[in-house]
2 protein chains.
Amino acid sequence: MDKNKSNQLNDNNTGSRNLGRLIMQLRRLERQPHTFGSAGPLTPSEIHTIEAIGSEGTVLMSELAGRLGITKGAVTQLIARLEIKELVVRSPHPNDSRGTMISLTEKGKEANTAHEEVQRQFYNQLRAQLSEQEIEIFEKGIDKLNSFLRK
Amino acid sequence: MDKNKSNQLNDNNTGSRNLGRLIMQLRRLERQPHTFGSAGPLTPSEIHTIEAIGSEGTVLMSELAGRLGITKGAVTQLIARLEIKELVVRSPHPNDSRGTMISLTEKGKEANTAHEEVQRQFYNQLRAQLSEQEIEIFEKGIDKLNSFLRK
DNA sequence: ATTATTAGGTTTAGAAACTATACTAAATTT
DNA sequence: AAATTTAGTATAGTTTCTAAACCTAATAAT
């Protein structure tokens, strides 16, 4: 009993500490630019924006702000930069003349798929070290984590 | 067979996509200040610095830079701010007169334990939704992820 | 029909969190 | 004793964001 209790406390601590370590690692990762496809080096914000636009279809500026969890002003600035780099294009909204629709250029799509590929390969490395069941449980945990963080 | 293959591809994609979503959520979280204990609102960088110093013992400036994965110059700036907020103190290294040792003040320790408590409670919420075995597997996955990211 | 409000975007100034570079001073090597 | 390394600081500049003010178009209210 005592042993069990101490184990549980221990797990509790190391578990949350490891999660903290993961956050630390991600902070480090999310600071440096990376190169995807033929587009030059892209900052994390740029890549996440491209990711949020997606290769299919178009997205409203304000919708983009919502997806990225940043202000409209920040989106304006990001899109301006990506437009200069020729990774996205603006086009007027068909019905609402206030709206601006954003979509990826060919170069932007290329960067997006290259990024997806990197992510998939990275994730495959992880999968390779776990059994199918373990992966399933791990993903369940990630899902729970996501739903907690959404609030 | 075909069904199996398509499933695997599918899992592969949704898994890496969910991981991407987690990163997005963490980015959002790591942008806003939070209040811990009696210390006022602390920026993520400030809290992570306090976390890296720890409540026990003292840390060299350069060691701190290593732990946080940032430059010495950045540490100098962070510590200066935390010193003004009276959360850390500088003291000379006993043997090496070039060195500066950093440690938490009482107020700093309070912020640290308050932060740990928040993390533990958060993690307990997650634990509550998974069985013991699942938690164990989940933590294994987080560990693997950490070791991948270290490189 | 006007007015008022809301919603979509942009602009600008400024904050936060860095980096890179140059520097000082102390410790170590050679 | 000179050269190099290590610890830390200072400063200027970059990136990524927010907040607030603003403009214009769409919608609601009266």
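Just so you know, these numbers come straight off a predicted model, no measurement behind them.
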Discussion item. Measure NZ/A:Lys72 against P/D:dA19 and give the value in whole Å, please.
Written reply: 12 Å
Fill in: Straight-line distance of B:Ile70 CD1 to B:Gln77 CD, nearest 0.5 Å
9.0 Å
Worksheet item: Whole-Å distance between C:dA15 P and A:Ile70 CD1?
Response: 20 Å
Worksheet, complete the sentence: In whole angstroms, the gap separating P of C:dA7 from CE of A:Met101 amounts to 18 Å
Worksheet item: OP1 or OP2 of D:dA25 less than 4.0 angstrom from a side-chain nitrogen or oxygen of A:Ser97, does that happen here?
Response: no
Discussion item. Does a side-chain N or O of A:Thr43 approach OP1 or OP2 of D:dT16 to a distance below 4.0 Å, or not?
Written reply: yes
Discussion item. What contact category does A:Arg28 fall into here, base, sugar-phosphate, or nothing, at under 4.0 angstrom with non-hydrogen atoms?
Written reply: nothing
Discussion item. Determine whether a donor-acceptor pair (N or O, by modelled atom type, separation under 3.5 Å) exists between the side chain of B:Thr76 and the backbone of B:Lys72.
Written reply: yes
Worksheet item: For A:His93 and C:dG9, what is the distance between atoms NE2 and P respectively, to the nearest whole Å?
Response: 8 Å
Item to complete: In whole angstrom, give the distance that lies between atom CG of B:Leu64 and atom P of C:dC18.
Response: 12 Å
Worksheet item: Is B:Lys109 salt-bridged to B:Glu106, going by a charged N under 4.0 Å from an acidic O?
Response: yes
Practice prompt. Give one of base, sugar-phosphate or nothing for B:Thr76, where a contact means two heavy atoms less than 4.0 Å apart.
Written response: base
Worksheet, complete the sentence: Between B:Asp96 and B:Pro44, the residue closer to the 5' end of DNA chain C by nearest nucleotide is B:Pro44
Worksheet item: Within the structure shown, what part of the strands sits under 4.0 Å from B:Thr71 by heavy-atom distance: base, sugar-phosphate, or nothing?
Response: base
Worksheet item: Heavy atoms under 4.0 Å, any strand shown: does B:Gly99 hit a base, just sugar-phosphate, or nothing?
Response: sugar-phosphate
Discussion item. Nearest whole Å is fine: how far is D:dA10 P from B:Ile79 CD1?
Written reply: 14 Å
Item to complete: Report yes if at least one side-chain N or O of A:Ser62 is closer than 4.0 Å to OP1 or OP2 of C:dA7; otherwise report no.
Response: no
Worksheet entry | Interatomic distance where CZ belongs to A:Arg81 and C1' belongs to D:dC17 [whole Å] | 10 Å
Worksheet entry | B:Met61 CE - C:dA25 P separation (whole Å) | 18 Å
Worksheet item: When you measure from the side chain of B:Arg67 to the backbone N and O of B:Ala52, does any donor-acceptor pair fall under 3.5 Å?
Response: yes
Worksheet item: Ion pair present between A:Glu132 and A:Arg127, side-chain N to carboxylate O less than 4.0 angstrom?
Response: no
Worksheet entry | Distance below 4.0 Å between A:Arg27 side-chain N/O and C:dA17 OP1 or OP2 | no
Discussion item. Any N or O donor-acceptor pair under 3.5 Å from the base of D:dT24 to the side chain of A:Arg98?
Written reply: no
Discussion item. Both A:Arg31 and A:Gln77 contact DNA chain C. Which one's nearest nucleotide lies toward the 5' end?
Written reply: A:Gln77
